[in-house]
Amino acid sequence: MNVGILGSGVVGQTLGAKLAERGVEVVLGTRTPKQLDEKRGMGAPLSDWVAKAGKHGRLGTFAEAAAHGELVINATSGTGSLEALTLAGAKNLDGKILMDVANPLDFSKGVPPSLTICNTDSLGEQIQKAFPRAKVVKTLNTTNAYVMVDPNTVARGDHDIFVSGNDAEAKRRVASLLEEWFGWKSVIDLGDITSARGAEMILPIWVRLWGALGTPMFNFKIAR
Ligand SMILES: NC(=O)c1ccc[n+]([C@@H]2O[C@H](COP(=O)([O-])OP(=O)(O)OC[C@H]3O[C@@H](n4cnc5c(N)ncnc54)[C@H](OP(=O)(O)O)[C@@H]3O)[C@@H](O)[C@H]2O)c1
C-alpha cells in the first residue's frame, strides 16, 4: 500500500520512517519539500529523514503526498490541518481513508496549551465536514510519536489506542494496519467521528502527565 503523510514534524517523520522501514512506499508532504537543512519543530531536518527512510521514502508537496497515498495520514499542526488538507486537495482524498492524528492544541499563550476546538465539536469532525468524501479515522493522537510506532516500548504493549470515525470498514482497516505496521494489540472503537471530541479532550491530561511523570513515554490503559 502507498501511504501519503501530510506533516514534516516529529510525528510525520516518525510514522514515515517506520512505514518506509517496513517497505511501505511513503511520500512525506510539506509546503517546503526543498528545504532540507532546517530543523522541523521537534523533528530533525528533512535531510536526516530522507537518509533514514531510504529507497521507500521521498518528499513532496501536500498535494503530491495525498495523490500518492492509497491511505493518507494527517500529521499536521491542529491549527493548520484544514489549510494543509486544502493544499492537499479534496480530489486527492476522495474515497480514501484519512488517518487523522492531529490535535487542536493552541500554544499561543504558552504551556500548557489549550484546545482550539472542544466540547461540542472536534478537529476530526471539522475535517470530516470539510472533506465529506474522505473516510476520516481519528487515531493515535492520544500518545507520543515514538509510542505510536512502537507501543511495545511501554508496558510491553499492554495499553490501548482509540479509533473514531463514521465508516466502520475504514476503522476496521485502520485497526488492522495499526497491528500490522506497529504492533498495537488493543484498539478501542469509540464510535462515530463525534467521539473524536473525547479523544482530543484527553490531551490536557496527557500534557499534565508528561510534566508529572517527566517522560512522554507512557500511554492510557483502560482497566476493565
Ligand atoms: N508530538 C507528538 O508526539 C504528538 C503526539 C500525538 C499527536 N500529535 C499531533 O500530531 C500533529 C503533528 O505534530 P508534530 O509535532 O509532528 O508537528 P507540528 O509542529 O504540530 O506540525 C507541523 C506540520 O504542520 C504543518 N502546518 C503548520 N501550520 C500550517 C498551516 N497554516 N498550513 C499548512 N500546514 C501547516 C507544517 O507544514 P510544513 O511542513 O509546510 O512546515 C508541518 O508539516 C499535531 O497536530 C500534534 O498535536 C503530536
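Computation of the quantities below employed the complete heavy-atom set of this structure, encompassing side-chain atoms and omitting hydrogens, waters and symmetry-equivalent molecules. Indexing begins at 1, ligand by ligand and atom by atom, following the structure's order.
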If you measure every N or O of [X] against every N or O of ligand 1, does any of those distances drop under 3.5 Å?
X	value
Ala145	yes
Ser77	yes
Thr142	no

Contact atoms of ligand 1, heavy-atom distance to [X] under 4.0 Å:
X	result
Asn144	3 (O)
Ala84	33 (C), 34 (N)
Met148	5 (C), 6 (C), 7 (C)
Gly78	45 (O)
Gly7	43 (O)
Val101	7 (C), 8 (N), 9 (C), 10 (O)

Among all the protein's non-hydrogen atoms, which is closest to [atom], and how far away is it?
atom	value
atom 44 (C) of ligand 1	Thr76 O, 3.4 Å
atom 38 (P) of ligand 1	Thr30 OG1, 3.5 Å
atom 2 (C) of ligand 1	Val11 CG2, 3.5 Å
atom 43 (O) of ligand 1	Ser8 N, 2.8 Å
atom 15 (O) of ligand 1	Val10 CG1, 3.7 Å
atom 37 (O) of ligand 1	Arg31 NH2, 3.4 Å
atom 6 (C) of ligand 1	Thr143 O, 3.1 Å
atom 46 (C) of ligand 1	Asn103 N, 4.0 Å

With no hydrogens and no angle check, just 3.5 Å: does a side-chain donor-acceptor pair link [X] and [Y]?
X	Y	value
Thr86	Glu83	no
Thr116	Thr79	no
Arg40	Thr32	yes
Asp100	Asn74	yes
Lys171	Asn166	no

Rounded to the nearest 0.5 Å, what separation is found between the [atom1] atom of [X] and the [atom2] atom of [Y]?
X	Y	atom1	atom2	result
Thr30	Phe62	OG1	CZ	5.5 Å
Lys96	Asn2	NZ	CG	9.0 Å
Asp150	Thr14	CG	OG1	11.0 Å

Between [X] and [Y] (salt bridge meaning N to carboxylate O under 4.0 Å), is one present in this structure?
X	Y	value
Arg224	Asp160	yes
Arg197	Asp121	no
Glu180	Arg22	no

Hey, does [X] sit under 4.0 Å from ligand 1 if you only count heavy atoms?
X	value
Phe62	yes
Gln13	no
Gly41	no
Thr79	no

Practice task
Report yes or no: do Val136 and Leu203 belong to one cluster of Ile/Leu/Val/Met/Phe/Trp/Tyr joined by side chain heavy-atom distances under 4.5 Å?
Solution key: no
Problem - Closer than 4.0 Å: a protein non-hydrogen atom to atom 19 (O) of ligand 1 - result: no
Exercise for the section: With heavy atoms only and a cut-off of under 4.0 Å, state how Ala75 meets ligand 1: side chain, backbone, both or neither. Expected result: backbone
Handout entry: Minimum heavy-atom distance Ala102-Leu123, with the two atoms named
Key = CB-CD2, 3.7 Å
Problem - Phe218 ring center within less than 6.0 Å of Trp210 ring center - result: no
